[in-house]
Number of protein chains: 2
Amino acid sequence: MKETADQARLGPEHRELLGQVLDKWSLEVLDRLCERPRRFNELRKAIPGLTQKSLTTTLRRLERNGMVERVVVSTRPVGVEYRIARLGKTLQDLIDALLSWSATHLPEVERARERFDAAES
Amino acid sequence: MKETADQARLGPEHRELLGQVLDKWSLEVLDRLCERPRRFNELRKAIPGLTQKSLTTTLRRLERNGMVERVVVSTRPVGVEYRIARLGKTLQDLIDALLSWSATHLPEVERARERFDAAES
DNA sequence: CGGTATCCAGTCCGATACTG
DNA sequence: CAGTATCGGACTGGATACCG
């Protein structure tokens with residue numbers, strides 16, 4: 001082969017998976033569940049801006065992908081507890097790294113944005 | 001403090017930043033540009049399914065956030081080269097980790113999905 | 001070659017109302 | 001408490017045509 005192979009390092013399936021796991025709210029939900037199990041409304045309150053509908057959708061998707069477990073607690077009235085699953089734990093370090101990266105580099109990114117916005121005359 | 005603080009570990013700005021950098025196509029574009037600088041159409045061909053419009057949008061956003069640099073090459077006809085910027089390089093290890101995670105755990109995730117889909121009667 | 005402009009269909013998301 | 005159902009508006013993404 002004379003040229004670089006240019007093979008895709010990930011197919012559509014990988015893109016889909018990362019999209020489902022790293023999406024807008026999933027990161028934060030997973031992060032919270034890594035700390036400890038949480039109830040539905042507890043999660044809702046812990047993450048400002050997250051609506052009930054989006055939380056439901058996010059949790060279903062994470063559950064389907066084996067990232068979290070849904071446990072019905074037989075109290076009165078019934079409660080539902082979500083906890084991180086084994087497969088979800090394998091993401092914990094990655095999530096921490098992402099949040100750290102974001103915290104560290106946000107100021108630089110903001111400066112880059114200002115420069116860019118100023119340049120586009 | 002008697003209860004956990006429940007403070008958000010990241011505000012909306014961090015969510016936005018991660019959303020712009022980790023989105024569907026950005027990961028793959030950044031990954032390619034980490035290897036070496038690329039031309040517009042070279043990128044386009046290297047990433048199946050990515051349309052011209054989406055590539056343009058993705059590159060603009062990455063440029064604005066200081067992740068990539070756009071260099072006009074004075075050839076005939078003119079070419080445009082994209083290269084990873086210093087700030088973008090700080091993501092390289094993270095991106096590698098994400099792609100590896102995806103490659104490693106996709107089979108398990110698929111089994112989890114089958115189980116879930118079978119269970120929901 | 002590397003875009004921009006426009007249109008248009010599909011999807012997402014919040015608000016609201018209702019349920020076991 | 002923890003959802004489901006539904007609806008309208010915003011946003012996204014693809015197809016196409018054209019430009020420097």
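Chain identifiers are assigned alphabetically (A, B, ...) following the order of the sequence lines, protein sequences preceding nucleic acid strands; residue numbering begins at 1 within each chain.
- A donor-acceptor pair is defined here as one N or O able to donate and one able to accept, closer than 3.5 Å; such a pair exists between the side chain of A/Thr90 and the backbone of A/Leu87.
- In this model, the phosphate group of C/dC1 is not approached by any side-chain N or O of B/Arg39 to a distance below 4.0 Å at OP1 or OP2.
- Using a 4.0 Å heavy-atom criterion, one finds that B/Arg60 contacts the sugar-phosphate atoms exclusively.
- A close approach under 4.0 Å does not occur between any side-chain nitrogen or oxygen of B/Arg70 and OP1 or OP2 of C/dG2.
- Using modelled atom types, no side-chain atom of A/Glu63 and backbone atom of A/Arg60 make a donor-acceptor pair closer than 3.5 Å.
- Heavy-atom distances to DNA chain C give each of A/Thr51 and A/Val78 a nearest nucleotide, and the one nearer the 5′ end belongs to A/Thr51.
- Atom CD1 in A/Ile47 sits roughly 14 Å away from atom P in C/dC13 (whole-Å rounding).
- Under the 4.5 Å side-chain heavy-atom criterion for ILVMFWY residues, a single connected hydrophobic cluster contains both B/Leu99 and A/Leu17.
- The distance from atom CG of B/Leu55 to atom P of D/dG14 is 12 Å, rounded to the nearest whole Å.
- Between the P atom of C/dG3 and the CG atom of B/Asn41 lies a distance of 9 Å, rounded to the nearest Å.
- Under the 3.5 Å distance criterion, the side-chain polar atoms of B/Asn65 are matched with a main-chain donor or acceptor of B/Arg61.
- Here the nucleotide nearest the side chain of B/Lys53, chosen from D/dG3, C/dG2, D/dG14, is D/dG14.
- Regarding contacts with the backbone of D/dC1, every side-chain N or O of A/Tyr82 stays at 4.0 angstrom or more from both OP1 and OP2.
- Taking 4.0 angstrom as the limit, A/Ser54 places a side-chain polar atom (N or O) nearer than this to OP1 or OP2 of C/dG14.
- B/Glu81 places its CD atom 10 Å from the P atom of C/dG2, with the value rounded to the nearest Å.
- Atom CG of A/Leu50 and atom P of C/dC12 are 16 Å apart (whole Å).
- Between the P atom of D/dT12 and the CH2 atom of B/Trp25 lies a distance of 16 Å, rounded to the nearest Å.
- Put simply, CZ on B/Phe40 is 8 Å from P on C/dT4, counting in whole angstrom units.
- Salt bridge annotation for A/Arg113-B/Glu16: present, with a cationic side-chain nitrogen under 4.0 angstrom from a carboxylate oxygen.
- When the P atom of C/dT19 is taken as reference, atom CD of A/Gln52 falls 15 Å away, rounded to whole Å.
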